[in-house]
Amino acid sequence: MNHRARVLITGTSVAGPAAAFWLARAGFAVTVLERAPELRRGGQNIDVRASGREVLRRMGLEDAVRARTTGEVGTRFLGEDGGVVSEFPVQDGEGHDGPTAELEILRGALSEILVEACDDSVTWRFGDSIVSVDEDADGVDVGLSDGSHERFDLVVVAEGVGSHTRDLVFGDEPQEKALGMYVSYATIERTAADDDWWSWLIVPGSRQAGLRPDDEGTTRAMLNFIVDGPTLEGLDDARLRAALREEFADVGWEVPRILDGIDTSDDLYVDYLRQVVCPRWHSGRVVLLGDAAWCVTPLGGGGTSLAITGAYVLAAYLSQSAAGAHEEAFDRYEEWMRPIVEDAQELPPGTPRIAAPATRAGAQALKWGTKIAALPIVQSLASKLTSGPEATRELPELIAAS
Ligand SMILES: Cc1cc2nc3c(=O)[nH]c(=O)nc-3n(C[C@H](O)[C@H](O)[C@H](O)COP(=O)(O)OP(=O)(O)OC[C@H]3O[C@@H](n4cnc5c(N)ncnc54)[C@H](O)[C@@H]3O)c2cc1C
(Lines give C-alpha, C1' and ligand atoms only; values in the text may rest on other atoms or scores of the structure.)
Protein backbone atom coordinates (compact mmCIF):
# COMPACT_ATOMS: atom_id res chain seq x y z
CA MET A 1 0.00 0.00 0.00
CA ASN A 2 1.10 3.57 -0.59
CA HIS A 3 1.94 4.45 2.96
CA ARG A 4 1.03 8.08 2.65
CA ALA A 5 -2.46 7.03 1.62
CA ARG A 6 -5.01 9.27 3.35
CA VAL A 7 -7.32 7.53 5.78
CA LEU A 8 -10.34 9.07 7.45
CA ILE A 9 -11.43 7.40 10.70
CA THR A 10 -14.80 8.35 12.20
CA GLY A 11 -15.28 7.96 15.97
CA THR A 12 -12.93 8.78 18.84
CA SER A 13 -13.75 6.26 21.54
CA VAL A 14 -11.78 2.99 21.56
CA ALA A 15 -11.68 1.51 18.04
CA GLY A 16 -11.04 4.91 16.35
CA PRO A 17 -7.95 6.05 18.30
CA ALA A 18 -6.52 2.50 18.37
CA ALA A 19 -6.77 2.35 14.56
CA ALA A 20 -5.27 5.87 14.31
CA PHE A 21 -2.30 4.76 16.41
CA TRP A 22 -1.50 1.74 14.25
CA LEU A 23 -2.27 3.26 10.85
CA ALA A 24 -0.03 6.24 11.66
CA ARG A 25 2.66 3.79 12.78
CA ALA A 26 2.32 2.07 9.39
CA GLY A 27 2.82 5.39 7.61
CA PHE A 28 -0.72 6.36 6.61
CA ALA A 29 -1.84 10.00 6.78
CA VAL A 30 -4.62 9.78 9.36
CA THR A 31 -7.50 12.15 10.15
CA VAL A 32 -9.96 11.27 12.91
CA LEU A 33 -13.42 12.78 12.93
CA GLU A 34 -15.63 12.80 16.05
CA ARG A 35 -19.23 13.93 16.06
CA ALA A 36 -19.13 15.12 19.69
CA PRO A 37 -17.66 18.61 20.25
CA GLU A 38 -14.85 17.20 22.39
CA LEU A 39 -13.48 13.86 23.56
CA ARG A 40 -16.31 12.06 25.39
CA ARG A 41 -15.06 11.21 28.86
CA GLY A 42 -18.15 9.38 30.13
CA GLY A 43 -18.79 5.67 30.37
CA GLN A 44 -18.51 2.98 32.94
CA ASN A 45 -16.17 0.14 33.76
CA ILE A 46 -14.92 -1.82 30.76
CA ASP A 47 -12.21 -4.43 30.60
CA VAL A 48 -9.34 -5.42 28.33
CA ARG A 49 -8.54 -9.11 27.97
CA ALA A 50 -6.74 -11.67 25.85
CA SER A 51 -5.59 -10.38 22.44
CA GLY A 52 -6.79 -6.86 23.31
CA ARG A 53 -4.29 -6.92 26.12
CA GLU A 54 -1.54 -8.17 23.82
CA VAL A 55 -2.25 -5.27 21.45
CA LEU A 56 -2.08 -2.79 24.36
CA ARG A 57 1.26 -4.31 25.27
CA ARG A 58 2.52 -3.84 21.70
CA MET A 59 1.38 -0.20 21.92
CA GLY A 60 3.47 0.16 25.09
CA LEU A 61 0.30 1.09 27.01
CA GLU A 62 -0.25 -1.82 29.38
CA ASP A 63 1.32 0.06 32.31
CA ALA A 64 -0.57 3.28 31.54
CA VAL A 65 -3.84 1.33 31.59
CA ARG A 66 -2.86 -0.55 34.72
CA ALA A 67 -2.17 2.79 36.42
CA ARG A 68 -5.74 3.90 35.69
CA THR A 69 -7.59 0.72 36.64
CA THR A 70 -10.65 1.14 38.83
CA GLY A 71 -9.30 -0.87 41.77
CA GLU A 72 -12.14 -3.40 41.56
CA VAL A 73 -11.13 -6.44 43.62
CA GLY A 74 -13.76 -8.85 42.30
CA THR A 75 -17.45 -9.49 41.76
CA ARG A 76 -19.89 -10.28 44.55
CA PHE A 77 -23.43 -11.55 44.11
CA LEU A 78 -25.84 -10.41 46.82
CA GLY A 79 -29.27 -11.57 47.96
CA GLU A 80 -32.22 -9.19 48.26
CA ASP A 81 -31.20 -8.26 51.80
CA GLY A 82 -27.68 -7.35 50.64
CA GLY A 83 -26.10 -10.49 52.16
CA VAL A 84 -23.21 -12.00 50.15
CA VAL A 85 -24.25 -15.11 48.17
CA SER A 86 -21.01 -15.79 46.31
CA GLU A 87 -17.83 -14.02 45.30
CA PHE A 88 -15.34 -14.08 42.44
CA PRO A 89 -12.13 -12.29 43.36
CA VAL A 90 -9.82 -11.02 40.59
CA GLN A 91 -7.46 -13.80 39.66
CA ASP A 92 -3.85 -12.99 38.92
CA GLY A 93 -2.30 -13.96 35.65
CA GLU A 94 -3.33 -13.94 32.03
CA GLY A 95 -6.13 -16.20 30.81
CA HIS A 96 -7.57 -16.34 34.32
CA ASP A 97 -9.96 -13.40 34.20
CA GLY A 98 -13.37 -13.97 35.80
CA PRO A 99 -16.28 -11.48 35.79
CA THR A 100 -13.81 -8.83 37.03
CA ALA A 101 -10.73 -8.74 34.79
CA GLU A 102 -7.26 -7.67 35.88
CA LEU A 103 -7.44 -4.63 33.59
CA GLU A 104 -10.72 -2.86 34.48
CA ILE A 105 -10.75 0.79 33.45
CA LEU A 106 -13.32 3.53 32.85
CA ARG A 107 -14.15 3.85 29.15
CA GLY A 108 -13.34 7.58 29.15
CA ALA A 109 -9.92 6.99 30.73
CA LEU A 110 -9.03 4.35 28.14
CA SER A 111 -10.13 6.64 25.35
CA GLU A 112 -7.90 9.43 26.71
CA ILE A 113 -4.89 7.09 26.97
CA LEU A 114 -5.33 5.87 23.38
CA VAL A 115 -5.70 9.40 21.98
CA GLU A 116 -2.64 10.65 23.87
CA ALA A 117 -0.57 7.72 22.60
CA CYS A 118 -1.09 8.66 18.94
CA ASP A 119 1.78 10.50 17.32
CA ASP A 120 1.57 14.15 16.24
CA SER A 121 0.95 13.23 12.62
CA VAL A 122 -2.68 12.32 13.43
CA THR A 123 -5.19 15.13 12.79
CA TRP A 124 -8.19 15.28 15.17
CA ARG A 125 -11.43 17.02 14.27
CA PHE A 126 -14.29 17.30 16.73
CA GLY A 127 -17.88 18.40 16.24
CA ASP A 128 -18.09 17.14 12.66
CA SER A 129 -19.45 14.05 10.94
CA ILE A 130 -19.97 12.50 7.52
CA VAL A 131 -23.15 13.32 5.59
CA SER A 132 -22.27 11.78 2.21
CA VAL A 133 -19.82 9.26 0.76
CA ASP A 134 -19.15 9.11 -2.99
CA GLU A 135 -16.55 6.68 -4.21
CA ASP A 136 -14.82 6.67 -7.60
CA ALA A 137 -11.86 4.82 -9.06
CA ASP A 138 -9.27 7.02 -7.31
CA GLY A 139 -10.74 7.68 -3.88
CA VAL A 140 -13.69 8.70 -1.76
CA ASP A 141 -15.31 12.11 -1.75
CA VAL A 142 -16.62 12.71 1.76
CA GLY A 143 -19.23 15.38 2.48
CA LEU A 144 -19.07 16.74 6.03
CA SER A 145 -21.71 18.28 8.25
CA ASP A 146 -19.98 21.68 8.09
CA GLY A 147 -20.73 21.75 4.35
CA SER A 148 -17.17 21.01 3.19
CA HIS A 149 -15.97 18.11 1.02
CA GLU A 150 -12.70 16.23 1.31
CA ARG A 151 -11.05 13.36 -0.48
CA PHE A 152 -9.56 10.30 1.16
CA ASP A 153 -8.21 6.98 -0.05
CA LEU A 154 -9.92 4.95 2.66
CA VAL A 155 -12.62 5.48 5.30
CA VAL A 156 -12.68 3.51 8.56
CA VAL A 157 -16.06 3.74 10.32
CA ALA A 158 -15.67 3.35 14.11
CA GLU A 159 -18.87 5.13 15.16
CA GLY A 160 -20.31 2.58 17.56
CA VAL A 161 -23.56 0.65 17.54
CA GLY A 162 -25.79 3.34 16.00
CA SER A 163 -23.37 4.30 13.20
CA HIS A 164 -24.89 6.72 10.68
CA THR A 165 -22.13 6.30 8.07
CA ARG A 166 -22.67 2.53 8.16
CA ASP A 167 -26.31 3.16 7.25
CA LEU A 168 -25.26 5.56 4.46
CA VAL A 169 -22.89 3.04 2.86
CA PHE A 170 -24.48 -0.32 3.66
CA GLY A 171 -28.17 0.69 3.64
CA ASP A 172 -30.31 -1.88 5.41
CA GLU A 173 -27.77 -4.74 5.10
CA PRO A 174 -26.69 -4.72 8.76
CA GLN A 175 -29.13 -6.36 11.11
CA GLU A 176 -29.68 -5.30 14.68
CA LYS A 177 -30.52 -8.14 16.99
CA ALA A 178 -32.41 -6.78 20.00
CA LEU A 179 -31.67 -8.56 23.27
CA GLY A 180 -34.79 -7.33 25.10
CA MET A 181 -32.97 -5.56 27.91
CA TYR A 182 -32.35 -1.98 28.95
CA VAL A 183 -29.14 -1.17 30.76
CA SER A 184 -28.69 2.11 32.60
CA TYR A 185 -25.49 3.47 34.06
CA ALA A 186 -24.76 6.59 36.09
CA THR A 187 -22.04 8.00 38.31
CA ILE A 188 -23.22 8.62 41.88
CA GLU A 189 -21.67 9.77 45.12
CA ARG A 190 -19.48 7.23 46.92
CA THR A 191 -20.58 6.53 50.50
CA ALA A 192 -19.21 4.51 53.41
CA ALA A 193 -21.46 1.63 52.28
CA ASP A 194 -19.36 1.22 49.13
CA ASP A 195 -16.30 -1.00 48.90
CA ASP A 196 -14.06 -2.07 46.04
CA TRP A 197 -16.20 -5.02 44.94
CA TRP A 198 -18.57 -5.08 42.02
CA SER A 199 -21.74 -5.72 44.03
CA TRP A 200 -24.46 -7.36 41.97
CA LEU A 201 -27.93 -7.71 43.48
CA ILE A 202 -29.95 -10.80 42.57
CA VAL A 203 -33.60 -9.80 42.76
CA PRO A 204 -36.78 -11.18 41.15
CA GLY A 205 -38.84 -9.14 38.68
CA SER A 206 -36.46 -9.47 35.66
CA ARG A 207 -34.12 -6.83 37.05
CA GLN A 208 -30.47 -6.36 38.01
CA ALA A 209 -28.87 -3.69 40.18
CA GLY A 210 -25.20 -3.12 40.87
CA LEU A 211 -22.50 -0.84 42.23
CA ARG A 212 -18.87 -0.70 41.06
CA PRO A 213 -15.86 1.25 42.32
CA ASP A 214 -13.95 3.74 40.16
CA ASP A 215 -10.62 5.54 40.52
CA GLU A 216 -12.22 8.98 40.67
CA GLY A 217 -13.72 8.93 44.18
CA THR A 218 -17.25 8.22 42.93
CA THR A 219 -19.30 5.05 42.47
CA ARG A 220 -20.68 3.63 39.23
CA ALA A 221 -24.26 2.39 39.47
CA MET A 222 -26.20 0.13 37.13
CA LEU A 223 -29.91 -0.67 36.90
CA ASN A 224 -30.90 -3.12 34.17
CA PHE A 225 -34.24 -4.66 33.30
CA ILE A 226 -35.89 -6.91 30.73
CA VAL A 227 -38.54 -5.46 28.42
CA ASP A 228 -40.69 -6.64 25.52
CA GLY A 229 -39.47 -3.87 23.24
CA PRO A 230 -37.65 -0.50 23.12
CA THR A 231 -40.24 1.32 25.23
CA LEU A 232 -37.97 4.14 26.44
CA GLU A 233 -36.62 5.36 23.09
CA GLY A 234 -36.70 9.13 22.63
CA LEU A 235 -37.46 9.92 26.29
CA ASP A 236 -35.61 12.83 27.89
CA ASP A 237 -33.58 12.35 31.08
CA ALA A 238 -36.43 13.40 33.39
CA ARG A 239 -38.75 10.76 31.90
CA LEU A 240 -36.00 8.12 31.93
CA ARG A 241 -35.42 8.80 35.64
CA ALA A 242 -39.15 8.47 36.30
CA ALA A 243 -39.27 5.18 34.35
CA LEU A 244 -36.36 3.77 36.39
CA ARG A 245 -38.06 4.83 39.64
CA GLU A 246 -41.21 3.04 38.61
CA GLU A 247 -39.34 -0.11 37.54
CA PHE A 248 -37.30 -0.36 40.76
CA ALA A 249 -39.81 1.11 43.24
CA ASP A 250 -40.07 -2.06 45.37
CA VAL A 251 -36.37 -3.00 45.47
CA GLY A 252 -34.40 -2.54 48.69
CA TRP A 253 -30.62 -2.74 49.37
CA GLU A 254 -28.88 0.41 47.96
CA VAL A 255 -31.41 0.86 45.16
CA PRO A 256 -33.30 3.84 46.73
CA ARG A 257 -29.90 5.57 47.04
CA ILE A 258 -29.00 4.70 43.44
CA LEU A 259 -32.29 6.21 42.26
CA ASP A 260 -31.63 9.38 44.27
CA GLY A 261 -28.08 9.52 42.86
CA ILE A 262 -29.36 9.12 39.31
CA ASP A 263 -31.68 12.09 39.89
CA THR A 264 -28.69 14.40 40.25
CA SER A 265 -26.05 12.63 38.12
CA ASP A 266 -25.12 14.31 34.84
CA ASP A 267 -24.11 11.19 32.92
CA LEU A 268 -27.16 8.93 32.95
CA TYR A 269 -26.72 6.53 30.01
CA VAL A 270 -29.67 4.30 29.08
CA ASP A 271 -29.33 1.82 26.23
CA TYR A 272 -31.59 -0.80 24.71
CA LEU A 273 -29.12 -3.63 24.09
CA ARG A 274 -28.73 -4.78 20.52
CA GLN A 275 -26.07 -6.70 18.68
CA VAL A 276 -24.97 -5.60 15.22
CA VAL A 277 -24.69 -8.38 12.66
CA CYS A 278 -23.34 -7.33 9.25
CA PRO A 279 -23.07 -9.76 6.33
CA ARG A 280 -19.94 -7.87 5.24
CA TRP A 281 -17.73 -5.29 6.91
CA HIS A 282 -16.42 -3.47 3.88
CA SER A 283 -17.66 -1.94 0.67
CA GLY A 284 -15.11 -0.53 -1.77
CA ARG A 285 -12.90 1.85 0.18
CA VAL A 286 -15.06 1.95 3.31
CA VAL A 287 -14.56 -0.49 6.18
CA LEU A 288 -16.41 -0.96 9.48
CA LEU A 289 -14.58 -1.41 12.79
CA GLY A 290 -15.54 -2.01 16.44
CA ASP A 291 -19.14 -1.76 17.65
CA ALA A 292 -20.16 -0.24 14.29
CA ALA A 293 -19.32 -3.59 12.67
CA TRP A 294 -20.14 -6.13 15.36
CA CYS A 295 -21.46 -4.66 18.62
CA VAL A 296 -21.56 -7.59 21.05
CA THR A 297 -23.09 -5.60 23.96
CA PRO A 298 -21.96 -6.00 27.59
CA LEU A 299 -23.90 -9.31 27.64
CA GLY A 300 -21.52 -10.83 25.09
CA GLY A 301 -18.61 -9.10 26.80
CA GLY A 302 -15.24 -8.30 25.30
CA GLY A 303 -16.44 -5.42 23.06
CA THR A 304 -13.49 -3.25 24.03
CA SER A 305 -10.92 -6.01 23.52
CA LEU A 306 -12.44 -6.79 20.13
CA ALA A 307 -12.30 -3.10 19.15
CA ILE A 308 -8.61 -2.82 20.10
CA THR A 309 -7.74 -6.13 18.43
CA GLY A 310 -9.71 -5.30 15.29
CA ALA A 311 -7.96 -1.92 14.98
CA TYR A 312 -4.57 -3.61 15.05
CA VAL A 313 -5.52 -6.45 12.67
CA LEU A 314 -6.99 -4.01 10.14
CA ALA A 315 -3.90 -1.77 10.26
CA ALA A 316 -1.57 -4.78 10.05
CA TYR A 317 -3.16 -6.16 6.88
CA LEU A 318 -3.28 -2.69 5.31
CA SER A 319 0.41 -2.21 6.17
CA GLN A 320 1.21 -5.46 4.34
CA SER A 321 -0.83 -4.70 1.23
CA ALA A 322 0.30 -3.27 -2.08
CA ALA A 323 -1.05 0.07 -3.39
CA GLY A 324 -4.70 -0.32 -4.44
CA ALA A 325 -5.04 -3.73 -2.76
CA HIS A 326 -7.11 -2.42 0.14
CA GLU A 327 -10.02 -4.78 -0.58
CA GLU A 328 -7.76 -7.78 -0.20
CA ALA A 329 -6.52 -6.36 3.12
CA PHE A 330 -10.13 -5.79 4.25
CA ASP A 331 -10.94 -9.42 3.35
CA ARG A 332 -8.05 -10.71 5.42
CA TYR A 333 -9.06 -8.49 8.36
CA GLU A 334 -12.60 -9.83 8.17
CA GLU A 335 -11.39 -13.41 7.89
CA TRP A 336 -9.23 -12.99 11.02
CA MET A 337 -11.86 -11.22 13.11
CA ARG A 338 -15.13 -12.99 12.17
CA PRO A 339 -14.62 -16.18 14.19
CA ILE A 340 -13.88 -14.35 17.44
CA VAL A 341 -16.72 -11.89 16.86
CA GLU A 342 -19.18 -14.72 16.17
CA ASP A 343 -17.95 -16.49 19.26
CA ALA A 344 -18.52 -13.36 21.39
CA GLN A 345 -21.98 -12.83 19.90
CA GLU A 346 -23.12 -16.33 20.72
CA LEU A 347 -24.85 -15.91 24.05
CA PRO A 348 -25.57 -18.76 26.46
CA PRO A 349 -29.14 -20.08 26.05
CA GLY A 350 -31.64 -18.12 28.14
CA THR A 351 -29.57 -14.89 28.15
CA PRO A 352 -30.44 -12.34 29.47
CA ARG A 353 -33.47 -13.79 31.28
CA ILE A 354 -31.46 -16.31 33.24
CA ALA A 355 -29.33 -13.53 34.77
CA ALA A 356 -32.36 -11.33 35.48
CA PRO A 357 -34.90 -13.87 36.78
CA ALA A 358 -38.60 -13.08 36.76
CA THR A 359 -39.61 -15.14 39.77
CA ARG A 360 -38.41 -15.79 43.31
CA ALA A 361 -37.69 -19.41 42.34
CA GLY A 362 -35.58 -18.17 39.40
CA ALA A 363 -33.66 -15.83 41.72
CA GLN A 364 -33.04 -18.73 44.09
CA ALA A 365 -31.76 -20.91 41.23
CA LEU A 366 -29.42 -18.12 40.08
CA LYS A 367 -28.05 -17.76 43.61
CA TRP A 368 -27.28 -21.48 43.71
CA GLY A 369 -25.75 -21.29 40.24
CA THR A 370 -23.35 -18.53 41.30
CA LYS A 371 -22.50 -20.43 44.51
CA ILE A 372 -21.49 -23.51 42.54
CA ALA A 373 -19.61 -21.39 40.00
CA ALA A 374 -17.76 -19.68 42.85
CA LEU A 375 -16.28 -22.96 44.08
CA PRO A 376 -12.52 -22.62 43.49
CA ILE A 377 -12.30 -25.64 41.19
CA VAL A 378 -15.23 -24.49 38.99
CA GLN A 379 -13.92 -20.92 38.99
CA SER A 380 -10.52 -21.88 37.79
CA LEU A 381 -11.98 -24.04 35.01
CA ALA A 382 -14.54 -21.40 34.01
CA SER A 383 -12.01 -18.58 33.82
CA LYS A 384 -9.86 -20.66 31.54
CA LEU A 385 -12.86 -21.40 29.33
CA THR A 386 -14.04 -17.78 29.28
CA SER A 387 -10.63 -16.45 28.30
CA GLY A 388 -11.87 -17.01 24.71
CA PRO A 389 -10.26 -18.16 21.51
CA GLU A 390 -8.67 -14.80 20.84
CA ALA A 391 -6.10 -15.49 23.55
CA THR A 392 -4.57 -18.20 21.40
CA ARG A 393 -4.78 -16.54 17.96
CA GLU A 394 -1.56 -15.26 16.50
CA LEU A 395 -1.77 -11.59 15.54
CA PRO A 396 -0.64 -10.64 12.03
CA GLU A 397 2.56 -8.63 11.70
CA LEU A 398 2.28 -4.86 11.28
CA ILE A 399 4.92 -3.35 9.02
CA ALA A 400 5.92 -0.02 10.53
CA ALA A 401 6.91 2.85 8.24
CA SER A 402 10.64 3.34 8.17
C1 LIG B 1 -20.18 7.71 25.91
C2 LIG B 1 -20.03 6.19 25.87
C3 LIG B 1 -20.21 5.46 27.05
C4 LIG B 1 -20.07 4.07 27.03
N5 LIG B 1 -20.24 3.40 28.20
C6 LIG B 1 -20.09 2.07 28.21
C7 LIG B 1 -20.23 1.34 29.44
O8 LIG B 1 -20.50 1.92 30.47
N9 LIG B 1 -20.06 -0.02 29.42
C10 LIG B 1 -19.76 -0.68 28.26
O11 LIG B 1 -19.60 -1.91 28.29
N12 LIG B 1 -19.63 -0.03 27.10
C13 LIG B 1 -19.80 1.33 27.03
N14 LIG B 1 -19.66 1.99 25.84
C15 LIG B 1 -19.39 1.20 24.62
C16 LIG B 1 -17.93 0.74 24.51
O17 LIG B 1 -17.07 1.86 24.46
C18 LIG B 1 -17.80 -0.09 23.24
O19 LIG B 1 -18.63 -1.23 23.35
C20 LIG B 1 -16.41 -0.63 22.90
O21 LIG B 1 -15.40 -0.04 23.63
C22 LIG B 1 -16.13 -0.48 21.39
O23 LIG B 1 -15.92 0.88 21.12
P24 LIG B 1 -16.07 1.59 19.73
O25 LIG B 1 -14.96 2.58 19.65
O26 LIG B 1 -16.22 0.61 18.63
O27 LIG B 1 -17.50 2.33 19.82
P28 LIG B 1 -18.06 3.41 20.85
O29 LIG B 1 -17.38 3.31 22.15
O30 LIG B 1 -19.53 3.31 20.82
O31 LIG B 1 -17.61 4.82 20.21
C32 LIG B 1 -18.14 5.37 19.03
C33 LIG B 1 -17.63 6.81 18.88
O34 LIG B 1 -18.06 7.33 17.62
C35 LIG B 1 -18.65 8.61 17.81
N36 LIG B 1 -19.61 8.79 16.72
C37 LIG B 1 -20.86 8.27 16.64
N38 LIG B 1 -21.41 8.62 15.47
C39 LIG B 1 -20.50 9.35 14.80
C40 LIG B 1 -20.48 9.96 13.52
N41 LIG B 1 -21.52 9.88 12.68
N42 LIG B 1 -19.36 10.64 13.15
C43 LIG B 1 -18.29 10.72 13.98
N44 LIG B 1 -18.26 10.16 15.21
C45 LIG B 1 -19.34 9.47 15.60
C46 LIG B 1 -19.25 8.54 19.20
O47 LIG B 1 -19.46 9.83 19.74
C48 LIG B 1 -18.18 7.75 19.96
O49 LIG B 1 -17.14 8.59 20.41
C50 LIG B 1 -19.79 3.39 25.80
C51 LIG B 1 -19.60 4.13 24.62
C52 LIG B 1 -19.72 5.52 24.63
C53 LIG B 1 -19.54 6.30 23.34
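Within the 3.5 Å criterion, the main-chain N or O of Tyr272 finds a donor-acceptor partner in the side chain of Arg274. In this structure, the side chain of Arg107 engages the main chain of Arg40 through a donor-acceptor pair within 3.5 Å. In this structure, the side chain of Gln320 engages the main chain of Glu397 through a donor-acceptor pair within 3.5 Å. Counting only distance, with no hydrogens or angles, the side chain of Asn45 and the backbone of Glu104 share no donor-acceptor pair below 3.5 Å. Within the 3.5 Å criterion, the main-chain N or O of Asp63 finds no donor-acceptor partner in the side chain of Arg68. Between the Arg166 side chain and the Ala292 main chain, a donor and an acceptor come within less than 3.5 Å of each other. Side-chain atoms of Asp237 never come within 3.5 Å of backbone atoms of Leu240 as a donor-acceptor pair (strictly under, hydrogens ignored). Side-chain atoms of Gln345 come within 3.5 Å of backbone atoms of Trp294 as a donor-acceptor pair (strictly under, hydrogens ignored). The backbone N or O of Glu189 lies less than 3.5 Å from a partner atom in the side chain of Arg257, making a donor-acceptor pair. In this structure, Ser305 contributes its side chain and Gly52 its backbone to no donor-acceptor pair below 3.5 Å.
Tyr182 is not listed as a side-chain neighbour of Ile226, based on a closest heavy-atom distance of 4.5 Å or more. For the pair Phe170/Pro279, no side-chain contact is recorded, criterion being any heavy-atom separation below 4.5 Å from C-beta on. Within the 4.5 Å cutoff, no side-chain heavy atoms of Thr31 are placed close to those of Val122. Proximity of Gln275 to Leu299: side-chain heavy atoms (C-beta onward) are nowhere separated by under 4.5 Å. With a 4.5 Å cut-off on side-chain heavy atoms, Leu154 and Val140 do not count as touching. A 4.5 Å side-chain heavy-atom check between Val48 and Leu56 finds at least one atom pair inside the cut-off. The shortest side-chain heavy-atom distance between Pro89 and Val73 does not fall under the 4.5 Å cut-off. Residues Arg4 and Phe28 are not in side-chain contact: their nearest non-hydrogen atoms beyond the backbone lie 4.5 Å or more apart.
By the 30° and 60° cut-offs, the orientation of the rings of Trp200 relative to Phe77 is tilted. The aromatic rings of Trp22 and Tyr312 sit perpendicular, their planes meeting at an angle over 60°, well past the 30° parallel limit.
Salt bridge annotation for Glu72-Arg212: present, with a cationic side-chain nitrogen under 4.0 angstrom from a carboxylate oxygen. At a threshold of 4.0 Å, the pair Glu247-Arg207 does not count as salt-bridged, since none of the basic side-chain nitrogens sits closer than that to a carboxylate oxygen. Salt-bridge check for Arg285 with Asp134: failed, with every basic side-chain N at 4.0 Å or more from each acidic carboxylate O.
Annotation for Ser145 and Val131: closest pair CA-CG1, 3.9 Å, computed over non-hydrogen atoms. Looking at every heavy atom in both residues, Val276 comes nearest to Ala293 through CG1-O, 3.6 Å. Taking all atoms of both residues into account, the shortest heavy-atom contact from Ala158 to Gly16 is CB-N, 3.7 Å. Minimum interatomic distance between Leu288 and Cys278 (heavy atoms only, all atoms of both residues): CD1-SG, 3.9 Å. Between Leu39 and Phe126, the closest heavy-atom pair is N-CE2, 3.4 Å.
In summary, the side chains of Glu159 and Thr165 do present a donor paired with an acceptor at a separation below 3.5 Å, with no hydrogens or angles considered. Between Asp194 and Thr219, the side chains place a donor N or O and an acceptor N or O closer than 3.5 Å (distance only, hydrogens not considered). With no hydrogens or angles considered, no side-chain donor-acceptor pair links Asp215 and Thr70 at under 3.5 Å. With 3.5 Å as the limit, one finds a donor-acceptor pair spanning the side chains of Asp331 and His282. Between Thr187 and Arg220, the side chains place a donor N or O and an acceptor N or O closer than 3.5 Å (distance only, hydrogens not considered).
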Please step through side chain to side chain contact (heavy atoms under 4.5 Å, CB included) for the pair Leu33 and Ile9, ending with a clear verdict.
CA-CA 6 Å; Leu33 198 66; Ile9 299 171; over 6 Å; no
Side chain to side chain contact (heavy atoms under 4.5 Å, CB included) between Val286 and Val169: does it pass, once the steps are laid out?
CA-CA 8 Å; Val286 182; Val169 176; 4.2 Å; yes
Chi angles and distances behind the salt bridge (Lys or Arg N to Asp or Glu O under 4.0 Å) call for Arg76, Asp195
CA-CA 11 Å; Arg76 242 178 203 160; Asp195 53 28; 3.4 Å; yes
Run the numbers on Leu8 and Val142 for side chain to side chain contact (heavy atoms under 4.5 Å, CB included), then give the verdict.
CA-CA 9 Å; Leu8 176 67; Val142 173; 4.0 Å; yes
Chi angles and distances behind the salt bridge (Lys or Arg N to Asp or Glu O under 4.0 Å) call for Arg53, Glu62:
CA-CA 7 Å; Arg53 189 162 164 178; Glu62 203 185 9; 3.1 Å; yes
Salt bridge (Lys or Arg N to Asp or Glu O under 4.0 Å) between Arg151 and Asp136: does it pass, once the steps are laid out?
CA-CA 10 Å; Arg151 276 187 78 76; Asp136 54 46; 2.9 Å; yes
Run Arg241 and Asp236 through salt bridge (Lys or Arg N to Asp or Glu O under 4.0 Å) and show every step you take.
CA-CA 9 Å; Arg241 289 180 171 117; Asp236 62 20; over 6 Å; no
Determine, step by step, whether Asp153 and Val7 satisfy the side chain to side chain contact (heavy atoms under 4.5 Å, CB included) criterion, reporting the C-alpha distance in whole Å, the side-chain angles of both residues, the deciding distance to 0.1 Å, and the verdict.
CA-CA 6 Å; Asp153 297 295; Val7 183; over 6 Å; no
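To the nearest 0.5 Å, atoms SG (Cys118) and CD1 (Ile113) are separated by 12.5 Å. Considering OG of Ser13 and CG of Asp291, their distance stands at 8.0 Å, rounded to 0.5 Å. Taking CD from Glu394 and CD from Glu54, the interatomic distance works out to 10.0 Å, rounded to the nearest 0.5 Å. Rounding to the nearest 0.5 angstrom, the gap separating the CZ atom in Arg49 from the CG atom in Leu103 is 10.0 Å. To the nearest 0.5 Å, atom CH2 of residue Trp197 and atom CZ of residue Phe88 are 10.0 Å apart. Atom CG of Leu259 sits about 7.5 Å away from atom CG of Asp263, to the nearest 0.5 Å.
Tested against Arg125 for a salt bridge (Lys or Arg N to Asp or Glu O under 4.0 Å), the candidates Glu150, Glu38, Glu34 yield a single pass: Glu150.
A centroid separation of 6.0 Å or more is found between the aromatic rings of Tyr317 and Tyr333.
Remark: Ile354 CD1 is loosely packed, at most 12 non-hydrogen atoms of other residues, nucleotides or ligands lying under 6.0 Å away. Other residues, nucleotides and ligands contribute at most 12 non-hydrogen atoms within 6.0 Å of the CD atom of Glu328. Atom CD of Glu246 has 12 or fewer neighbouring heavy atoms from other residues, nucleotides or ligands inside a 6.0 Å radius. Under a cut-off of 6.0 angstrom, the local environment of CZ in Arg353 is sparse, with at most 12 non-hydrogen atoms contributed by other residues, nucleotides or ligands. In the displayed structure, Glu216 atom CD is contacted under 6.0 Å by more than 12 heavy atoms of other residues, nucleotides or ligands.
A cation-pi arrangement is present between Arg338 and Trp281, with the terminal nitrogen or guanidinium carbon under 6.0 Å from the aromatic centre and inside a 45° cone about the axis.
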